[in-house]
Undergrad: 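I have a structure here, written as structure tokens, and I will follow up with some questions on it.
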Amino acid sequence: MEIDKAIRECDDRRLKTKYNNAIYVIQRALALYSIEEVAFSFNGGKDSTVLLHLLRAGYFLHKGEQSCSNGGVKYFPMRTIYFECPSAFPEINSFTYDTATTYGLQLDIIRSDFKSGLEDLLKSKPIKAIFLGVRIGDPTAVGQEQFSPSSVGWPPFMRVNPILDWSYRDVWALLLTCKVQYCSLYDQGYTSIGSIYDTVPNALLSINNSSDSKEVFRPAYLLSDGRLERAGRVKKLSSSVRGHQSAVMNGLDGVGLHNSSLLMSSAIAVGDEILFGTVEDQIGPSLCRKLHSIGWSVSQTAVVRNDIDAVAEEVERRQSTDDMVFMYGGVGPLHSDVTLAGVAKAFAVRLAPDEEFEEYLRHLIGDQCTGDRNEMALLPEGITELLHHEKLIVPLIKCKNVIILTATNILELDEQWNCLIELMRSDGALATMQPFVSKHLTTNLTDVEIAQPLSKLCLEFPDLYIGCRRKSRTEPLIIYFEGKDQDRIQSAIEALCKKFHPGAFVEINSKMAGGVGGGGDGATSSKKGLEGTGLDLPENRHGNLKSASSDQNLKDILVQIKSCKSPAVINYGASWCRVCSQILPAFCQLSNSFPKLSFVYADIDECPETTQHIRYTPTFHFYRDGERVDEMFGAGEERLHDRLWLHS
Ligand SMILES: Cc1cc2nc3c(=O)[nH]c(=O)nc-3n(C[C@H](O)[C@H](O)[C@H](O)COP(=O)(O)O)c2cc1C
Ligand SMILES: Nc1ncnc2c1ncn2[C@@H]1O[C@H](COP(=O)(O)OP(=O)(O)OP(=O)(O)O)[C@@H](O)[C@H]1O
């Protein structure tokens, strides 16, 4: 069946657009170069098979020979080169040879490596341009355009990539719509073919067949996520495609960052309005608290204009010095949404369509975002991982060590942060580190008196953050010590106290930041426990609901639960956690329905030491006979009711 006719008769609009664009590129190349000056690099793979049919259609259309477009096989004078390698699959070799015969290709077989093979070819033939079946998403496509001169160090020729913007799905749409032959390996689960040593069928197409020991695979065209087409080329994965593999593991690299006890992060806000002062940035401070609460240091927060270069400069700087960079603002389809373009520029890659992301957006905003017009589905090429979580409608975007949050307020930030922590907990990329410990002293000494001794102290204790602040010009100075080692902080305090008269300093509240997902505001409020939440909560009628207001208080409650052996539930929450506020009224109400059960509410910021093990808020612990027998995370009144019923 002739391809041009098949495409025109099909009703796949996207395929028609891709086809027309590719034919246009081919015809442009044929207008620039004579047929003797071009070559087609053919290796029997699916992409080059698509290209073969496009080249034939483009060539005959260019020649104005409509007859062939409507007819069958005809002499095709374009030089075709095949680099045959001893480790090629026999199926690939035979398909290449058979295809060459079927379509009358002038096949040059080259049995050396690409570079020297091309050097020899270009010495003996007037070739100036070579057609390749390279597509965005291929590791070799990074930085290439439809017309790209060969790389430095390679013989000089023009690489012409007519199907650069085609997706995996587009390739299969053409092969199946036009019913053209392709290599038989693709029907055996191979989705991208290298050599016999580095290519296996794609595990994502495996059909579990317990009755038979032989593993069976579905055909390649059934792979739903084209990003994973190289999953069968495991050993050859280059760093630029590691992201694709990681997508299987929820987009998380096991970078083992947790080996280090001090990890550095930074936050970049993108938004003119913050700089105009018309919008107050609340996300930045909240993000800092969250990072601090999991033991990470924040080296800098920056606000940059809605300008690609400004974003790129900042990202380039931060990503090279910090372990993790968080960005927010400037994400979307508007002219001012430049964050992703800035990230792409910082990493010197381009924005390329991402099928998987497009799929999410299509679900979200329907057909408005299909086809080539969907600029929101453009993501930095080769460095992007999508972080999926069932609670997120659209996955978060991670480009190397840059995480792009789409939160526009702190409630959304809470939600995305909790998901991030959950996703990255197992993997270590955003590992919960040893928490920071802090101590605060207050003094009536003047700044002048204290300046020099403090400077010396900073030199003596470089592992601590030592700083000063005042609530107002007239109030006493507060000196804070922040670090990971309680003893070091104590030594620093003692060293300082020694330099002044006794009683010069008074210790005020000390706090250990809880290693918890939500991160606390640290705001000091006189109200604690259930009262501190500020919520209008239902009355507890049986006196079986209490809150823990301090570590000691919670420890006492736990001792009591363990010794009296009556059933109990502890709700670990936080006053700043939206999900906690949603479930807390129900928790209090349920205390009336289960009078024999003790209900305890513990705010993790008020009991930081005892709740260090809590990684998610809200967390419910259920006790029976003095033992913890069950655990539940997150909200859900019905779920909670059922668990209480079970344990009451
Ligand atoms: C005709 C042709 C031209 C190539 N030109 C270049 C080039 O200019 N620069 C380059 O780095 N690699 C070039 N390559 C190598 C490819 O980028 C790539 O390494 C090769 O196709 C192997 O791909 P694979 O890892 O998907 O099997 C060329 C390969 C071929 C066949
Ligand atoms: N051994 C080779 N001989 C000639 N051309 C090659 C060879 N290897 C790669 N190429 C060129 O590079 C392009 C990209 O190769 P790539 O392996 O990504 O695609 P493919 O082989 O066509 O399909 P698949 O990804 O399924 O293996 C090919 O379409 C072809 O133009």
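All ligand and atom numbering here is 1-based and tracks the order in the structure.
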Undergrad: So is Tyr190 close enough to ligand 2, meaning a heavy atom under 4.0 angstrom away?
TA: no
Undergrad: Could you list the atoms of ligand 2 found under 4.0 angstrom from a heavy atom of Thr191?
TA: 26 (O)
Undergrad: For Tyr82 and ligand 2, does the shortest N/O to N/O distance drop below 3.5 Å?
TA: no
Undergrad: Which residue holds the protein heavy atom closest to atom 10 (N) of ligand 2, what is that atom called, and what is the gap in Å?
TA: Asn43 ND2, 3.8 Å
Undergrad: Apply side chain to side chain donor-acceptor pair (under 3.5 Å) to residues Gln300 and Ser266 and explain how you reach the verdict.
TA: CA-CA 5 Å; Gln300 193 188 52; Ser266 53; 5.9 Å; no
Undergrad: Does Phe131, backbone or side chain, put an N or O under 3.5 Å from an N or O of ligand 2?
TA: no
Undergrad: Which residue holds the protein heavy atom closest to atom 14 (C) of ligand 2, what is that atom called, and what is the gap in Å?
TA: Gly133 O, 3.8 Å
Undergrad: Quick one: does Arg230 get an N or O within less than 3.5 Å of an N or O on ligand 1?
TA: yes
Undergrad: Suppose we call two aromatic rings close when their centres sit under 6.0 Å apart. Are Tyr190 and Phe89 close by that rule?
TA: yes
Undergrad: With heavy-atom distances below 4.0 Å as the criterion, list the atoms of ligand 1 near Ser150.
TA: 8 (O)
Undergrad: Could you list which atoms of ligand 1 come closer than 4.0 Å to a heavy atom of Ser41?
TA: 1 (C), 31 (C)
Undergrad: Looking at Ile81, which atoms of ligand 2 are within less than 4.0 Å of one of its heavy atoms?
TA: 4 (C)
Undergrad: For atom 19 (O) of ligand 2, which of Asp47, Asp113, Ile110, Thr96 has the closest heavy atom?
TA: Asp47
Undergrad: Could you tell me the residue and atom name of the protein heavy atom closest to atom 17 (O) of ligand 2, and the distance to it rounded to 0.1 Å?
TA: Arg233 NH1, 3.9 Å
Undergrad: So how far is it from Arg218 CZ to Leu204 CG, rounded to the nearest 0.5 Å?
TA: 9.0 Å
Undergrad: Is there a side chain to side chain contact (heavy atoms under 4.5 Å, CB included) between Leu61 and Gln27? Walk through the geometry before answering.
TA: CA-CA 8 Å; Leu61 287 170; Gln27 291 187 324; 3.3 Å; yes
Undergrad: For atom 22 (O) of ligand 2, find the nearest protein heavy atom and state the residue, atom name and distance (0.1 Å precision).
TA: Ser48 N, 2.9 Å
Undergrad: Backbone, side chain, both or neither: what part of Phe42 comes under 4.0 angstrom of ligand 2, heavy atoms only?
TA: backbone
Undergrad: Run the contact test for Tyr186 against ligand 2 with a 4.0 Å cut-off on heavy atoms, strictly below, and give the result.
TA: yes
Undergrad: Given Phe83, Trp154, Phe131, which has its nearest heavy atom closest to atom 28 (C) of ligand 1?
TA: Trp154
Undergrad: Between Lys5 and Glu9, is the closest basic N to carboxylate O distance under 4.0 Å?
TA: yes
Undergrad: Among all protein non-hydrogen atoms, which one is nearest to atom 27 (O) of ligand 2, and what is the separation to 0.1 Å?
TA: Ile193 N, 2.8 Å
Undergrad: Hey, which of Leu118, Val160, Val38 is the one that makes side chain to side chain contact (heavy atoms under 4.5 Å, CB included) with Ile130?
TA: Leu118
Undergrad: Please list, in number order, the atoms of ligand 2 under 4.0 Å from a heavy atom of Lys46.
TA: 22 (O), 23 (O), 24 (P), 25 (O), 26 (O)
Undergrad: Please identify which atoms of ligand 2 are closer than 4.0 Å to at least one heavy atom of Gly45.
TA: 20 (P), 21 (O), 22 (O), 23 (O)
Undergrad: How long is the span from the OG atom in Ser192 to the NZ atom in Lys46, to the nearest 0.5 Å?
TA: 4.5 Å
Undergrad: Do any heavy atoms of Leu132 fall under 4.0 Å from ligand 1?
TA: yes
Undergrad: Which residue holds the protein heavy atom closest to atom 11 (C) of ligand 2, what is that atom called, and what is the gap in Å?
TA: Leu132 CD2, 3.6 Å
Undergrad: Any ion pair linking Lys345 and Glu381 (charged N to carboxylate O, less than 4.0 Å)?
TA: no
Undergrad: Between ligand 2 and Phe83, is the shortest N or O to N or O distance under 3.5 Å?
TA: yes
Undergrad: Could you tell me whether Arg135 and Glu229 have a side-chain N and a carboxylate O separated by less than 4.0 Å?
TA: yes
Undergrad: Please report the interatomic distance OG1(Thr80) to CZ(Phe131), rounded to the nearest 0.5 Å.
TA: 11.0 Å
Undergrad: Donor-acceptor pair, Thr199 side chain versus Ile196 backbone, under 3.5 Å?
TA: no
Undergrad: With a cut-off of 6.0 Å (strictly less than), are more than 12 heavy atoms of other residues, nucleotides or ligands near CD of Gln181?
TA: no
Undergrad: Heavy-atom distances under 4.0 Å are what count here, so tell me which part of Arg159 touches ligand 1: side chain, backbone, both or neither.
TA: side chain
Undergrad: Do Asp187 and Tyr221 have side-chain N/O donor and acceptor atoms under 3.5 Å apart?
TA: no
Undergrad: Return yes if a side-chain donor-acceptor contact under 3.5 Å exists between Ser116 and Asp113, otherwise no.
TA: yes
Undergrad: Tell me which one of Ser192, Ala39, Cys183 gets a heavy atom nearest to atom 25 (O) of ligand 2.
TA: Ser192
Undergrad: Ring centres under 6.0 Å, that's the criterion: do Tyr103 and Phe76 meet it?
TA: no
Undergrad: So among Gln416, Glu422, Glu415, which one has a side chain to side chain donor-acceptor pair (under 3.5 Å) with His389?
TA: Glu422
Undergrad: Determine, using heavy atoms of Leu118 and all atoms of ligand 1, whether some pair is separated by less than 4.0 Å.
TA: yes
Undergrad: Do any nitrogen or oxygen atoms of Ser151 lie less than 3.5 angstrom from nitrogen or oxygen atoms of ligand 1?
TA: yes
Undergrad: Which heavy atom of the protein is the closest neighbour of atom 31 (O) of ligand 2, given with residue, atom name and distance?
TA: Ser41 O, 2.7 Å
Undergrad: Provide the number and element of each atom of ligand 2 under 4.0 Å from a heavy atom of Arg230.
TA: 18 (O)
Undergrad: Which bit of Phe40 gets closer than 4.0 Å to ligand 1, counting heavy atoms only: side chain, backbone, both or neither?
TA: neither
Undergrad: For the pair Asp12 and Lys16, find out whether any cationic side-chain nitrogen is under 4.0 Å from an anionic carboxylate oxygen.
TA: no
Undergrad: Could you check Glu314 against Arg317 for salt bridge (Lys or Arg N to Asp or Glu O under 4.0 Å), going step by step and ending with a plain yes or no?
TA: CA-CA 5 Å; Glu314 195 58 39; Arg317 224 184 345 257; 2.8 Å; yes
Undergrad: Judged on heavy-atom distance to atom 18 (O) of ligand 2, which of Thr49, Asp138, Thr80 sits nearest?
TA: Asp138
Undergrad: So if I count the atoms of ligand 1 from 1 in the order they appear, which ones are less than 4.0 Å from some heavy atom of Thr140?
TA: 16 (C), 17 (O), 18 (C), 19 (O)
